[in-house]
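Labels below follow one simple rule: chain letters A, B, ... track the order of the sequence lines, proteins then strands, and each chain is numbered from 1. Nothing here was measured: the structure is a model prediction, and the numbers come from that model.
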Amino acid sequence: MQDKAITADKLTKKFGDFTAVDQISFEVSKGEIFGFLGANGAGKTTAMRMFCGLSLPTSGVATVGGFDVYGENEKIKNSIGYMSQRFSLYDDLSVMENIRFYAGIYGMGSKAIRVKAEHILKGLELEAEKNMLVGSLPLGWKQKLAFSVAIFHEPRIVFLDEPTGGVDPITRREFWQLIYEAAGEGITVFVTTHYMDEAEYCNRVSIMVDGRIEALDTPAGMKQRMGVSSMNEVFLQLARKATRTEN
Amino acid sequence: MNGITINNISKSYPLKKGKQDALKNIQLTIPEGELFGLIGPDGAGKTTLFRILTTLLLPDIGTASVNGLDTTKDFMQIRKEVGYMPGRFSLYTDLTVEENLNFFANIFNTSVKENYHLIKDVYKMIEPFKKVRAGKLSGGMKQKLALSCALIHRPKTLFLDEPTTGVDAVSRKEFWELLRSLRAEGITIMVSTPYMDEASLCDRVGLIQQGSMMGADTPQHLRNAFGKKLLSVKGPDMLQLLRQLQAMDAVAHAYPFGEHHHVVLKNDAALPALPVNIEVKEVEPDIEDCFISLMWSHAG
Amino acid sequence: MKQFYNFVVKEFIHIMRDRRTLFILIGMPVVQILIFGFALTNEVKNSGFAVIDLSHDERSAQLIDELDASRYFELRGKFQSLESLEQSFRKGQVRIGIVIPPNFGKDMERPGGATLQFIADASDPNVANTLINYANAVVVDFEQNITGEKKMPFTIQTETRMLYNPQLQGAYNFVPGVMAMVLLLVCTMMTALTVVREKELGTMEVMLVSPLKPLKIIIAKAVPYLLLSMLNIASILLLSVFVLDVPINGSLTLLVGESILFILVALSLGLLISSSTASQQSAMFISLIGMFLPTVMLSGFMFPIENMPLPMQVVSNAVPAKWFYIIVRSVMIKGVGLKHVWKETLILIGMLIFFMTMAIKKFKVRLA
């Protein structure tokens with residue numbers, strides 16, 4: 001169990017009568033790129049919140065980085081990174097200010113921050129922009145920077161919530177290049193996305209429908225079992241069975 | 001003279017220092033009755049272009065006309081004749097489905113009954129929810145309601161700005177089926193979307209990136225214009241394979257493309273021999289390949 | 001600890017880069033201290049007073065001079081009859097009148113002493129009380145200067161009559177003031193938000209791309225608030241009359257009519273704000289800082305305008321509530337008719353036309 005980055009066993013979240021997440025069970029290994037897919041309203045965001053230590057489950061068990069989601073919230077938060085499409089960095093702070101702030105939250109020292117920041121900015125080709133307000137950066141660069149900031153403190157696991165939404169196709173691929181590099185360094189990546197071709201880039205994928213996990217496998221395995229040629233087809237077939245729509 | 005004509009339109013926004021170019025020299029003609037898709041990522045200029053065409057913004061340079069009317073001079077008349085659905089849901093969340101529809105019919109001096117046949121197919125899907133407040137609908141339902149409201153006054157031209165963004169795949173598919181069935185009514189439809197796969201559903205598409213129109217044609221013509229050899233490559237260790245391909249002299253670009261990697265060869269080059277367990281085949285470019293290729297050439 | 005420090009640093013950066021927050025934090029306290037320190041005071045200075053001098057002797061002339069010379073009073077009228085004095089009250093020209101009976105000088109020498117009558121406009125009981133106190137003080141001084149010593153009992157007896165509000169009920173001042181504030185606040189703020197909200201939500205875009213004319217949009221947005229505000233007037237008046245015992249001495253129709261006029265002014269001001277701002281936050285901010293605060297401070301309801309430095313008095317003329325407050329006090333408490341408040345009414349009508357025109361002009365037919 002120690003080398004499993006994330007574990008969940010019959011994890012459930014209810015809001016009154018409504019069961020948002022219905023007894024999901026799975027494991028994610030260290031260094032894996034795990035795609036967590038599902039339609040809007042299927043329960044993805046709710047599940048992710050439980051893994052990030054932002055919401056307590058109603059029942060079932062789960063661990064993140066070996067820590068229990070019920071009692072060891074703080075330890076979880078210290079060992080993960082998070083990035084979403086909607087919010088990533090502060091627009092009215094500069095690139096360096098954002099880095100310093102987030103890295104500082106995770107207890108990194110100023111010298112360490114400076115050294116690593118130089119390295120990261122060089123890799124992203126953003127050295128010249130380090131004092132520019134993030135709000136004036138084009139979207140693609142912002143998202144790549146946000147990802148780098150999310151893993152700046154070298155967390156064991158990083159949670160990405162639709163990180164490439166609305167981004168141009170080249171930047172999307174560059175983004176995934178960054179994800180591969182992170183995974184190569186042993187960081188476990190838990191990512192949700194609406195782009196089905198990105199599902200192919202994952203080691204394994206799970207698809208949530210109406211709060212339950214309806215499929216969990218490698219992309220190749222899933223396609224073979226359902227007799228289709230693309231993840232898009234897989235998704236459409238499963239999503240059509242859904243009775244619940246958002247709200 | 002009907003349809004949509006865009007004549008060398010440019011528009012920029014002032015910034016604290018300098019300005020941001022939103023649109024640069026856009027030239028485009030959309031004939032009456034065409035279903036035209038404007039494809040590009042966030043920030044490409046899609047919304048700005050739509051706002052100019054629906055007379056909500058004035059261009060800095062250039063002119064445009066919709067149904068033969070000038071967007072600057074004849075804006076009041078254009079506003080009576082077009083249907084518009086801006087990005088993000090823009091109907092009244094605290095009014096019910098029925099109330100929203102009636103409101104829109106009313107301000108266009110018509111009634112739901114009069115043009116019901118036009119929205120019949122869409123409305124069927126949301127009718128069970130007609131007494132529900134619009135704010136409580138799912139993303140897919142909201143878009144269908146917005147489409148109904150935009151159609152209810154029988155516009156000659158329909159502008160839909162990212163109607164499928166943030167909507168699940170199944171609803172997206174249904175939405176496009178509805179759009180295609182509207183072509184029979186002779187309505188000119190201009191849709192914008194960040195999803196490249198929706199391009200094939202349009203009569204013609206325009207690929208827009210950072211304010212410039214990189215290409216506008218039928219999907220097939222755009223694919224034909226790709227002009228280079230495209231290979232699809234697959235192997236056991238995709239990450240390793242990608243790095244190898246990118247390092248090859250013969251390769252102009254190599255990038256992941258879902259299950260496979262797509263490889264664009266330099267002119268007259270050929271791929272060196274690869275181990276047997278690596279699948280290589282020549283493929284037709286996808287619109288996304290075209291987009292990426294155009295992005296590369298526009299970057300200079 | 002470092003985490004904490006980092007967060008604090010970040011918060012500082014956000015504040016420094018947001019001009020609005022900076023203004024509230026640093027600008028406003030300074031402005032407020034200056035205003036409250038210099039301009040707003042309950043002290044009353046240079047109040048207009050009128051006199052009926054039935055004595056016409058040396059002493060009465062001296063008394064009038066002393067009153068005029070004091071910093072509290074300024075002679076504004078000499079009348080022969082009570083009626084003309086009361087006219088002057090009704091017109092709002094003076095807030096206190098002094099009646100000097102015949103033989104004032106002679107009576108001062110005699111054992112019984114002389115009498116004076118002070119008549120004060122008690123529709124604002126606080127000011128009335130203050131003025132009476134000042135007047136009494138001047139009279140005491142006057143007597144001292146003449147007799148050269150403090151003699152008990154005083155040779156001058158003063159009688160006080162409080163006009164319009166003999167029991168000095170605070171509510172008499174309070175109700176008109178609150179009416180002005182409540183109507184202004186509700187109407188302006190609500191309409192200030194309504195146009196801007198649509199802009200923020202995005203529904204305005206759709207509204208614009210339709211046959212709807214901007215004028216229709218603006219008026220349609222104001223109508224519900226007009227009707228609801230009339231309900232408000234009704235409830236305020238009912239409560240004032242039946243619970244607070246404040247009379248409606250003048251014509252009810254006139255009062256309601258003027259209230260409707262004021263509501264329209266407030267609504268059009270709100271619409272102007274709404275047409276000119278881009279976010280609900282800005283609209284709220286402008287409503288509160290630009291409109292509500294000046295109204296509270298400069299309408300004359302809490303702090304007499306006469307005491308403010310001249311520039312502020314000039315500014316107070318631009319505050320609609322100031323004129324409405326005068327109208328309501330005059331009509332409701334003093335019981336006067338339109339012919340006494342026509343000037344204020346005209347000013348309000350002018351403001352209405354101005355704000356409405358500006359609101360329509362500023363309403364953007366396009367997004368930019």
Set of side-chain hydrogen bond (donor to acceptor under 3.5 Å, both in side chains) partners for B/Asn106, sequence neighbours left out: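 Partners of B/Asn106 under the side-chain hydrogen bond (donor to acceptor under 3.5 Å, both in side chains) test: none.
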
Contacting moiety of C/Met207, where chain B heavy atoms sit under 4.5 Å: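 The answer is the side chain of C/Met207.
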
Rounded to the nearest 0.5 Å, how far does CE of B/Met76 lie from OG of C/Ser210?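 C/Ser210 OG to B/Met76 CE: 7.5 Å, rounded to 0.5 Å.
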
How many angstroms lie between OG1 in B/Thr55 and CZ in C/Arg366, if you round to the nearest 0.5 Å? 6.0 Å

Does atom [atom1] of [X] have more than 12 heavy-atom neighbours from other groups under 6.0 Å away?
| X | atom1 | result |
| --- | --- | --- |
| B/Met125 | CE | yes |
| B/Gln210 | CD | no |
| C/Lys221 | NZ | yes |
| C/Arg197 | CZ | yes |
| C/Gln281 | CD | no |
| C/Phe285 | CZ | yes |
| C/Met230 | CE | no |

Evaluation steps, side chain to side chain contact (heavy atoms under 4.5 Å, CB included), between B/Phe50 and C/Glu205: CA-CA 11 Å; B/Phe50 269 60; C/Glu205 268 191 77; over 6 Å; no

Determine the sole option in C/Val209, C/Leu367, C/Leu208 for which the side chain to side chain contact (heavy atoms under 4.5 Å, CB included) test with B/Thr54 is passed. C/Val209

Could you look at [X] and say if it's the side chain, the backbone, both or neither that has a heavy atom under 4.5 Å from chain C?
| X | answer |
| --- | --- |
| B/Phe75 | side chain |
| B/Tyr13 | neither |
| B/Phe103 | side chain |

When only pairs under 4.5 Å are counted, which of B/Thr93, B/Ile78, B/Asn109, B/Leu58 shares the most heavy-atom pairs with chain C?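 Heavy-atom pairs under 4.5 Å are most numerous for B/Leu58.
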
Are the side chains of B/Phe104 and C/Val206 in touch, meaning some heavy atoms are under 4.5 Å apart?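 A side-chain contact under 4.5 Å exists here.
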
To check you understand the geometry: which heavy-atom pair defines the closest contact between C/Gly202 and B/Pro86, and what is its length?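 Minimum heavy-atom contact is O-CG, 4.4 Å.
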
